[in-house]
Number of protein chains: 2
Amino acid sequence: MYSMADTVERLIESTRELLWERGYVGTSPKAIQERAGAGQGSMYHHFTGKPGLAKAAIDRTATQLRAAAEAQLSGPGTPLDRITAYLRRERDVLRGCPIGRLTLDPDVMADETLRAPVTETFTWLRTRLTEVLAEADLPSDIDPAKTAATVVAVLQGGYVLARAAGDPTPFTDAVDGVLALLGSTE
Amino acid sequence: MYSMADTVERLIESTRELLWERGYVGTSPKAIQERAGAGQGSMYHHFTGKPGLAKAAIDRTATQLRAAAEAQLSGPGTPLDRITAYLRRERDVLRGCPIGRLTLDPDVMADETLRAPVTETFTWLRTRLTEVLAEADLPSDIDPAKTAATVVAVLQGGYVLARAAGDPTPFTDAVDGVLALLGSTE
DNA sequence: GTCTATATCGAGATAGAC
DNA sequence: GTCTATCTCGATATAGAC
């Protein structure tokens with residue numbers, strides 16, 4: 001048997017997984033319940049419905065993504081080492097980015113409360129990378145903010161290429177490519 | 001009144017638009033009919049159903065995307081000029097990429113006949129960019145194939161960033177950033 | 001070729017018993 | 001808190017008339 005807290009927990013985790021795999025439109029309350037091993041009544045007791053569940057799931061995913069990125073970006077080494085560590089961190093490439101994929105979900109983007117964490121995640125990420133790149137010894141004609149956008153875009157686009165190919169290689173190539181352009185010495 | 005050919009044409013175009021805006025899961029036959037100004041019976045007379053319609057729409061979109069890219073990549077100027085023209089071509093950035101978005105649609109990727117044009121489009125694009133980059137005078141430590149993956153990823157990821165921000169600027173920044181890294185002199 | 005009627009199923013949720 | 005019953009719609013077609 002599960003405790004109530006566990007039920008809530010499993011509902012959120014199931015929603016997170018399904019949003020990641022199938023997006024908001026493609027995720028039904030029923031599918032969430034089945035994956036969580038929770039009943040209809042239970043789900044609607046703890047949450048207001050699909051939007052409420054999605055809000056809890058997206059907030060948590062955004063928080064985790066940010067923490068994971070910060071772990072690499074504030075780690076040891078030169079600025080370029082940290083960017084490299086971030087880009088080369090182990091990832092389940094073919095699953096794609098759980099936040100990035102939401103930008104394509106019209107129902108998510110139309111709901112201000114669901115959209116906000118998505119917007120904020122990428123704003124924060126670009127800002128944070130800009131800071132790190134500003135510390136790096138880049139040529140004067142390389143703008144840190146624009147380069148930060150490039151780096152985040154390579155990640156997000158790399159996922160798209162990998163999924164299109166059904167193979168992580170294009171993702172790895174895209175990352176290697178941008179690191180070489182940044183003058184990474186390895 | 002419309003001719004039959006026009007009806008087929010409008011059904012395909014409506015499907016293309018809806019797949020672009022809402023993806024496969026988010027697009028209903030009814031919505032397609034309404035946008036096309038066609039009736040239920042008419043739609044099912046000309047197409048086998050939603051998958052058949054999607055096949056026609058995706059094939060056409062893939063063909064057009066390829067032609068549009070080739071127009072820039074085989075245009076005038078140095079290799080870097082052509083890459084620049086391709087990346088800076090006028091785009092409706094906030095709409096995103098009509099092919100790239102399909103990689104996140106599980107029902108599309110699960111159907112081999114719908115998936116194939118998506119896979120092929122990106123394979124072709126990376127190959128074509130590799131050829132152009134191989135002609136460019138890049139430093140010997142810059143690999144054309146990997147750089148090609150980087151360039152395509154910047155586009156695809158740039159769309160994601162722009163949609164997240166609700167503003168085309170991050171897309172433009174990402175493009176400017178990678179062009180600067182490539183040593184574009186403008 | 002196109003229309004309307006009809007059918008099945010799942011999405012998304014509410015109500016009230018336990 | 002959780003369960004089952006019930007409800008309303010829309011998704012996705014098929015059938016047969018026109």
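Per chain, numbering begins at 1; letters A, B, ... match sequence-line order. Note that the structure is predicted; figures quoted are calculated from it, not measured.
- Between C/dT2 and B/Thr7, a contact under 4.0 Å exists linking OP1 or OP2 to a side-chain N or O.
- OP1 and OP2 of D/dC3 both lie 4.0 Å or more from every side-chain N or O belonging to A/His45.
- At least one donor-acceptor pair closer than 3.5 Å links the side chain of B/Arg163 to the backbone N or O of B/Leu94.
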Protein-nucleic acid N or O pairs under 3.5 Å, nucleotides 12-16 of chain D:
residue: D/dT12; atom: OP1; partner: B/Lys50; partner atom: NZ; Å: 3.1
residue: D/dA13; atom: OP2; partner: B/Lys50; partner atom: N; Å: 3.2
residue: D/dA13; atom: N7; partner: B/Gln40; partner atom: NE2; Å: 3.1
residue: D/dA13; atom: N6; partner: B/Gln40; partner atom: NE2; Å: 2.7

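- Taking B/Lys55 as the reference, B/Asp59 meet the salt bridge (charged side-chain N to carboxylate O under 4.0 Å, His left out) condition, with sequence neighbours excluded.
- A search for salt bridge (charged side-chain N to carboxylate O under 4.0 Å, His left out) contacts involving B/Glu34 returns nothing, not counting sequence neighbours.
- Residue pairs meeting the side chain to side chain donor-acceptor pair (under 3.5 Å) criterion with at least one partner in residues 145-158 of chain A, sequence neighbours excluded, are A/Lys146-B/Asp176.
- Sorted by first and then second residue, the salt bridge (Lys or Arg N to Asp or Glu O under 4.0 Å) pairs involving residues 93-113 of chain A (not counting sequence neighbours) are A/Asp107-B/Arg22.
- Here A/Glu120 pairs with nothing under the salt bridge (charged side-chain N to carboxylate O under 4.0 Å, His left out) rule; sequence neighbours left out.
- Within residues 12-20 of chain A, no residue places a heavy atom under 4.0 Å from DNA chain C.
- Screening residues 140-181 of chain A for ring pair (Phe, Tyr, Trp, His ring centres under 6.0 Å) gives A/Tyr159-A/Phe171 as the qualifying pairs, with residues at least two apart or on separate chains.
- Cluster partners of A/Leu104 are B/Leu104, counting Ile, Leu, Val, Met, Phe, Trp and Tyr whose side-chain heavy atoms approach within less than 4.5 Å, directly or via other members.
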